[in-house]
Amino acid sequence: MGSPAEHDDEKFALHASRASSFGAHVAAYAEHRPDYPDAAIRWALAAVADRRPLTVLDLGAGTGKLTQGLLDVGATVIAVEPDEHMRAELTRRFPSVTAHAGAAEAIPLADASVDAIVAGQACHWFDLDRAYPEFVRVLRPGGVLAALWNTDDSSVDWVAGLKQVAESSVSTALPPSGQIELPAHPLFDKHEVERSTFPHRHRRTAESLTAAIGTQSHTLVISPEERAEVLGRIMRYLRGRPETARGEFDLPLVTLALRITLRSAD
């Protein structure tokens with residue numbers, strides 16, 4: 001039985017491995033991950049929506065799953081993504097968007113250069129102790145920090161069953177929708193964290209939903225043998241449920257949104 005320090009090291013190593021696991025599967029990620037609902041994006045940006053131009057940093061932008069939604073609400077988008085393969089896919093899909101190599105802990109932008117920072121399915125990978133000072137540095141006065149997560153709607157019976165079937169040896173239980181927290185930081189003590197949830201759906205087939213789950217980090221870092229077993233188990237489950245056995249169906253999602261609006265100094 002290892003020491004607490006060894007367990008902490010193993011936990012950190014697994015987190016780092018999962019965080020960096022997506023680049024080798026960039027085509028599948030781009031094809032199979034869901035986008036974000038327009039209502040959630042507009043809610044996240046409400047405090048700065050009337051700014052023109054509205055400059056938004058898409059942080060941990062990946063292949064651009066959030067980018068299109070930000071462009072659709074009229075934002076000028078700057079993307080920052082550490083993985084070169086994901087960044088290349090984003091640039092291919094959105095050639096007009098400036099994409100930088102960088103991370104939340106070292107944002108390659110000037111002070112007070114953006115009106116909002118939005119992270120889609122990425123904030124849980126950040127070292128927030130190091131990232132919070134960077135957020136404050138690059139945001140303009142009254143700017144917004146927002147994070148979005150798509151989560152399966154486990155209030156639906158077959159979706160709850162799927163979550164159980166899809167677990168791997170490195171799966172971790174996520175908090176229920178609405179209970180995800182951003183760790184406190186002195187720089188944000190006086191700024192209120194607001195939250196909201198939005199219904200969303202992802203059009204899938206049994207094959208494409210299995211492929212989508214195959215882009216999640218808990219299925220990317222396990223052994224090829226376990227991965228094949230997990231994905232096979234998912235496919236058998238989906239083919240055995242009347243809701244998902246044939247043709248296309250909607251995967252019910254809940255999009256959780258958190259936002260912090262910087263208040264002006266007194």
Side-chain angles (χ1 to χ4, degrees), residues 14-15 17-19 21-41 43 62-66 68-69 86 89 120-125 147-180 195-258:
L14 177 59
H15 182 84
S17 176
R18 291 179 66 166
S21 64
F22 305 108
H25 304 269
V26 64
Y29 191 103
E31 179 179 359
H32 294 297
R33 283 297 185 102
D35 60 7
Y36 296 87
D38 178 78
I41 294 171
W43 179 87
T63 63
K65 286 296 177 178
L66 178 58
Q68 183 63 63
M86 300 191 86
E89 177 64 18
Q121 223 76 17
C123 200
H124 53 290
W125 300 124
L148 306 178
W149 288 271
N150 284 321
T151 62
D152 296 342
D153 185 355
S154 295
S155 68
V156 179
D157 180 66
W158 74 263
V159 178
L162 175 63
K163 286 179 70 69
Q164 294 182 339
V165 166
E167 289 184 353
S168 76
S169 60
V170 300
S171 295
T172 54
L174 294 175
S177 296
Q179 295 183 21
I180 295 177
R195 68 189 65 243
S196 190
T197 57
F198 301 85
H200 194 31
R201 294 188 178 272
H202 194 201
R203 195 69 173 166
R204 297 279 83 189
T205 63
E207 292 78 11
S208 65
L209 180 51
T210 301
I213 298 171
T215 70
Q216 295 173 3
S217 64
H218 73 100
T219 68
L220 294 177
V221 300
I222 54 180
S223 70
E225 294 78 13
E226 185 184 0
R227 175 178 166 84
E229 193 277 327
V230 170
L231 297 183
R233 195 166 67 223
I234 293 167
M235 180 65 77
R236 290 191 296 274
Y237 175 82
L238 293 173
R239 290 192 181 281
R241 292 288 308 210
E243 302 92 339
T244 60
R246 293 182 177 83
E248 292 188 334
F249 55 86
D250 285 330
L251 170 65
L253 301 173
V254 176
T255 301
L256 171 64
L258 305 181

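Reckoned from all heavy atoms, side chains included, excluding hydrogens, waters and symmetry mates.
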Grab the two heavy atoms, one from [X] and one from [Y], that are nearest each other, plus how far apart they are.
{"X": "Pro252", "Y": "Val159", "value": "CD-CG2, 3.7 Å"}
{"X": "Leu148", "Y": "Ala257", "value": "CD2-CB, 3.4 Å"}
{"X": "Gly120", "Y": "Tyr36", "value": "C-OH, 3.2 Å"}

Worksheet item: With a 4.5 Å limit on heavy-atom distance, are the side chains of Thr151 and Thr197 in contact?
Response: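 No - every pair of side-chain heavy atoms lies 4.5 Å or more apart.
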Worksheet entry | 4.5 Å side-chain heavy-atom contact, Ile213 and Thr210 |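 A side-chain contact under 4.5 Å is absent here.
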Any residue meeting salt bridge (Lys or Arg N to Asp or Glu O under 4.0 Å) with [X], in chain and number order, not counting sequence neighbours:
{"X": "Glu248", "answer": "Arg203"}
{"X": "Arg201", "answer": "none"}
{"X": "Glu31", "answer": "none"}

Out of curiosity, [X] [atom1] to [Y] [atom2], how far, rounded to the nearest 0.5 Å?
{"X": "Leu238", "Y": "Glu243", "atom1": "CG", "atom2": "CD", "answer": "10.0 Å"}
{"X": "Glu229", "Y": "Ile234", "atom1": "CD", "atom2": "CD1", "answer": "9.5 Å"}
{"X": "His32", "Y": "Thr215", "atom1": "NE2", "atom2": "OG1", "answer": "8.0 Å"}
{"X": "Lys163", "Y": "Asp153", "atom1": "NZ", "atom2": "CG", "answer": "10.0 Å"}
{"X": "Asp157", "Y": "Leu162", "atom1": "CG", "atom2": "CG", "answer": "11.5 Å"}

Practice prompt. Can you run down the ring pair (Phe, Tyr, Trp, His ring centres under 6.0 Å) pairs that involve residues 219-240, sequence neighbours left out, and say none if there aren't any?
Written response: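 Non-adjacent pairs meeting ring pair (Phe, Tyr, Trp, His ring centres under 6.0 Å): zero.
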Main chain of [Y], side chain of [X]: is a donor-acceptor contact present, judged purely on distance under 3.5 Å?
{"X": "Arg227", "Y": "Ser168", "answer": "no"}
{"X": "Arg33", "Y": "Lys65", "answer": "no"}
{"X": "Thr244", "Y": "Ala206", "answer": "no"}

Worksheet item: Does any donor atom in the side chain of Ser154 or Asp152 lie under 3.5 Å from an acceptor atom in the other side chain?
Response: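 No, because no side-chain N or O of Ser154 sits under 3.5 Å from a partner of the opposite role on Asp152.
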Discussion item. For a quick check under 3.5 Å, do His200 and Asp35 share a side-chain donor-acceptor pair by atom type?
Written reply: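 Per modelled atom types, His200 and Asp35 side chains form a pair under 3.5 Å.
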Worksheet item: Listed by chain and number, what are the side-chain hydrogen bond (donor to acceptor under 3.5 Å, both in side chains) partners of Thr255, not counting sequence neighbours?
Response: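 Only Asn150 meet the side-chain hydrogen bond (donor to acceptor under 3.5 Å, both in side chains) criterion with Thr255.
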Discussion item. Going by ring-ring contact (aromatic ring centres under 6.0 Å, His included), name the residues that satisfy it together with Phe249, two or more places apart in sequence or in a different chain.
Written reply: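 Phe249: ring-ring contact (aromatic ring centres under 6.0 Å, His included) contacts with Trp158.
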